[in-house]
Enquirer: 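Pasting a structure here, questions to come.
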Amino acid sequence: MPVVTHKSVPIEGQKPGTSGLRKKTRVFMAPGYLENFVQAIWSGIGGAAGKTLVLGGDGRFFNDRAAQTILKMAAAEGVARVIVGQDAILSTPAASHIIRQRGADGGLILSASHNPGGPDEDFGLKYNTANGGPAPEAVTDAIWRATLEVAAYSILDAPDVDLSQPGERRLGALVVEVVDPVEAYADLMERLFDFAAIRAMFADGFRVCFDAMHAVTGPYAREILEGRLGAAPGSVINATPLPDFGGGHPDPNPVWAADLVARMMAPDAPDFGAASDGDGDRNMIVGRGIYVTPSDSLAVLAANAHLVPGYAAGLRGVARSMPTSRAVDAVAEALGIGCHATPTGWKFFGNLLDAGQVTICGEESAGTGSDHVREKDGLWAVLLWLNILAVRRQSVAEVMQAHWARFGRHYYSRHDYEAMDATAAAQLMDALKARLGNMRGAEFGGLVVATAEDFAYHDPVDGSVSRGQGVQICFDGGARVVFRLSGTGTEGATLRVYLERAEADPARLLQDPQQALAQVISAAESLAGIARHTGRHAPDVIT
Ligand code: G1P
Ligand code: ZN
C-alpha cells in the first residue's frame, strides 16, 4: 500500500498553552485540516516513527472518520503500534490509564469534552504524553509552531481498518491493536475501591441514578455500576453514546443536567445522583435533596479518601486550581498535608502528581481526580463517593452537614458572561490589573480588600512560571472573588467571576448560596464594573 504525500496549507492549529485543538466539526472535516494538525503532532513530539500510541475518543460525530485518518497517517509515519479502543471509543481517563498501563509513548484523544457534538457543533483532538496526561506547554507550543509550518502530510492509501472487534490488525507495517474500551479501566476501579462494600449497599436497596448524557461513560457506567456492582438495571440513564449526544450539551452541571437535578430534588428521589461529560472526565454529584458543588466534593473526597482501600495510606497532599474554593484547604490543614493552588487546567497537576507531592486534586469546573491516572476522572469520583457512603452509612446530606460542621462551609458560585466582545472583556481585565496596586484596604460593596494580585504560578517541581492566570482579590473575613477569561470558549470571550465566602457560624451553614454570596457579588460588580464595560447586567450561566 503506497504512502501518498499531499501538499497542504499551514493552519493556525492550536493556541500556545492550550492542551488540544477544539474547532467546529466542519473546520476539522475540511480537506487537509485534521491531517495538518496530526502531521504537526508528529513533528511537535519529535517524530512518531517506532512509537506506541493510544487512540480513542468520545464517539462524537466524525470520531470514526478521524480515527481512520489518524491510523493511516500513523502507518505512513512509521508508528510501530496503535492501541485503539473498539469502534475508536475511549473515555479520556481510560485513555490516560491505557497509556500508563501499556507504557505507550503517548496518545491521541478525539474529543471536545463537554461541548456539543454534530456536524455543526464541536470537535477536538489532543495529545497526551507518556505519563498519561495532557501534553505540557513545551510540547503544545512545539505542536503549535509546527501547525504554522506544515506544508505537506503523508498518509497510507489503504482501506479502513476494522475496529469493530478486539484483536490485532495490520495497516502496512503498523500494528493496530483493537481493545475493549472498558475492561482495563473497570479493573483499575476494582483495585482502588471496595466493590464488595458498594455491592452490599446496592443489595440493601440503595438507589443510584447515573446520567451518562448520551456520551462516552454510558458503557463504562453500565459495566461498572449495573454489571460489576449490581445496581438495579436502569440505574444508568442516557447510556447509549450518540454522535450528537442527543442534541444536548454533555456538561454535568445544574444547567445542562437539570433533569437529573430535578429528579434528585423530588420526594421519591434515589439516594445518589451523578453525571459525567462527553469524554468522561468531569462529574456532578447530587444527593437526595442536595446538590454538591465540585469544590465541596473535592473537600469531602480529600477528607474521607482514607476510608477507601486505594487511599488507605492517606494522602500525600492535595491540589486545587486557584479559582476552586478553599474548602479543600481547610481539610488539608486539618490533615496536616500540603495544599497547592495551580492555574486553571488539569495539566498543571501533572508535575505534582508525577513527583508524588499530591494524591487528590480538583477544579471547580466539575473535575476531580487522583494519581491513578493523569486526567480528571468522572466515574472515579462517583465510585469514591459511593465507597465513602458505603463505609460511613450516611446520606449525602448527612455527610455534607457533618463536613461543614467540622471544617466550616465555603459558599461558592461561578458567574459566566459568555460570547462577550473580546476587546471589551480584555479592557475590563486590564483596568482591573492596573488598579491592583492600590486596592489594599479599599472598600467595595462593604468588603475590605486584604490582598489583590494577578495570579502567577511557580511550579515547585520544574521551576516554570505561568503568569496572568486570573485576578484574585481576597477580602478581610474570608471572602474572595476571582476574575479570569476562559481559555476554552469558541465564540468571543467568556468572563468567569468566581465568588466565595467562608462561613463558620453553625446557625448560618444552611443558607441559600446566592443569598449567602450577595455581598461578594455586589463587591465584584463594583470592583470590575462589569455592566459598565460590557453592557451586561447579569451572568448568562450561574453554577
Ligand atoms: C474550563 C474550566 C477549567 C477546565 C477546562 C477544561 O476552562 O474552567 O477548569 O480545566 O475547561 O475542561 P476555561 O474555559 O475556564 O478556560
Ligand atoms: Zn471532558
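Computation of the quantities below employed the complete heavy-atom set of this structure, encompassing side-chain atoms and omitting hydrogens, waters and symmetry-equivalent molecules. Just so we're clear, the structure is a prediction, and the values are computed from it rather than from any experiment. Counting starts at 1 for both ligands and their atoms, in listed order. Quick note: residue numbers are just sequence positions, from 1.
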Enquirer: Would Val482 and Arg480 satisfy side-chain contact (heavy atoms from CB on, under 4.5 Å), going step by step from the backbone distance to the final call?
Expert: CA-CA 7 Å; Val482 173; Arg480 179 175 76 134; 4.0 Å; yes
Enquirer: Any N or O of Ser365 that comes nearer than 3.5 Å to an N or O of ligand 1?
Expert: yes
Enquirer: Answer with side chain, backbone, both or neither: which part of Lys376 has a heavy atom less than 4.0 angstrom from an atom of ligand 1?
Expert: side chain
Enquirer: Can you tell which of Tyr33, Phe28, Phe37, Phe61 makes a ring-ring contact (aromatic ring centres under 6.0 Å, His included) with Phe123?
Expert: Phe28
Enquirer: As a test of understanding, state which of Arg282, Arg326, Arg414 forms a salt bridge (charged side-chain N to carboxylate O under 4.0 Å, His left out) with Glu364.
Expert: Arg414
Enquirer: State the atoms of ligand 1, each with its element, that fall below the 4.0 Å cut-off from a heavy-atom position in Gly345.
Expert: 10 (O)
Enquirer: Does even one non-hydrogen atom of Ser321 get within less than 4.0 Å of ligand 1?
Expert: no
Enquirer: Considering only heavy atoms of Gly487, which atoms of ligand 1 have at least one such atom less than 4.0 Å away?
Expert: 13 (P), 14 (O), 16 (O)
Enquirer: Do any protein N, O or S atoms sit under 2.8 Å from the Zn ion (ligand 2), and which ones are they?
Expert: Ser113 OG, Asp277 OD2, Asp279 OD1, Asp281 OD1
Enquirer: Going through the distances and angles, do Val497 and Glu525 end up as a side-chain contact (heavy atoms from CB on, under 4.5 Å)?
Expert: CA-CA 10 Å; Val497 183; Glu525 172 56 37; over 6 Å; no
Enquirer: Heavy-atom distance under 4.5 Å between the side chains of Arg60 and Phe62, does that happen here?
Expert: no
Enquirer: Could you tell me if the ring centre of Tyr220 sits under 6.0 Å from that of Tyr185?
Expert: yes
Enquirer: Which option out of His114, Glu363, Arg282 puts a heavy atom nearest to atom 11 (O) of ligand 1?
Expert: Arg282
Enquirer: Which heavy atom of the protein is the closest neighbour of atom 7 (O) of ligand 1, given with residue, atom name and distance?
Expert: Thr488 CG2, 3.6 Å
Enquirer: Numbering the atoms of ligand 1 from 1, which are under 4.0 Å from a heavy atom of Thr344?
Expert: 3 (C), 8 (O), 9 (O)
Enquirer: Would you mind listing which atoms of ligand 1 come within a distance below 4.0 Å of any non-hydrogen atom of Arg484?
Expert: 13 (P), 15 (O), 16 (O)
Enquirer: Do NZ/NE/NH1/NH2 and the carboxylate oxygens of Asp187 and Arg228 come within less than 4.0 Å?
Expert: yes
Enquirer: Identify whether the distance between the nearest side-chain nitrogen and carboxylate oxygen of Arg467 and Asp454 falls below 4.0 Å.
Expert: no
Enquirer: Which of the numbered atoms in ligand 1 are below 4.0 angstrom from a heavy atom of Arg414?
Expert: 8 (O)
Enquirer: Can you tell whether the side chains of Asp329 and Arg320 come within less than 4.0 Å, N to carboxylate O?
Expert: yes
Enquirer: Strictly below 4.0 Å, N to O, side chains only: are Asp122 and Lys24 in salt-bridge contact?
Expert: yes
Enquirer: Would you find a donor on one side and an acceptor on the other, under 3.5 Å apart, between the side chain of Ser96 and the backbone of Arg374?
Expert: yes
Enquirer: Hey, which atoms in ligand 1 end up nearer than 4.0 Å to a heavy atom of Arg496?
Expert: 8 (O), 13 (P), 14 (O), 15 (O)
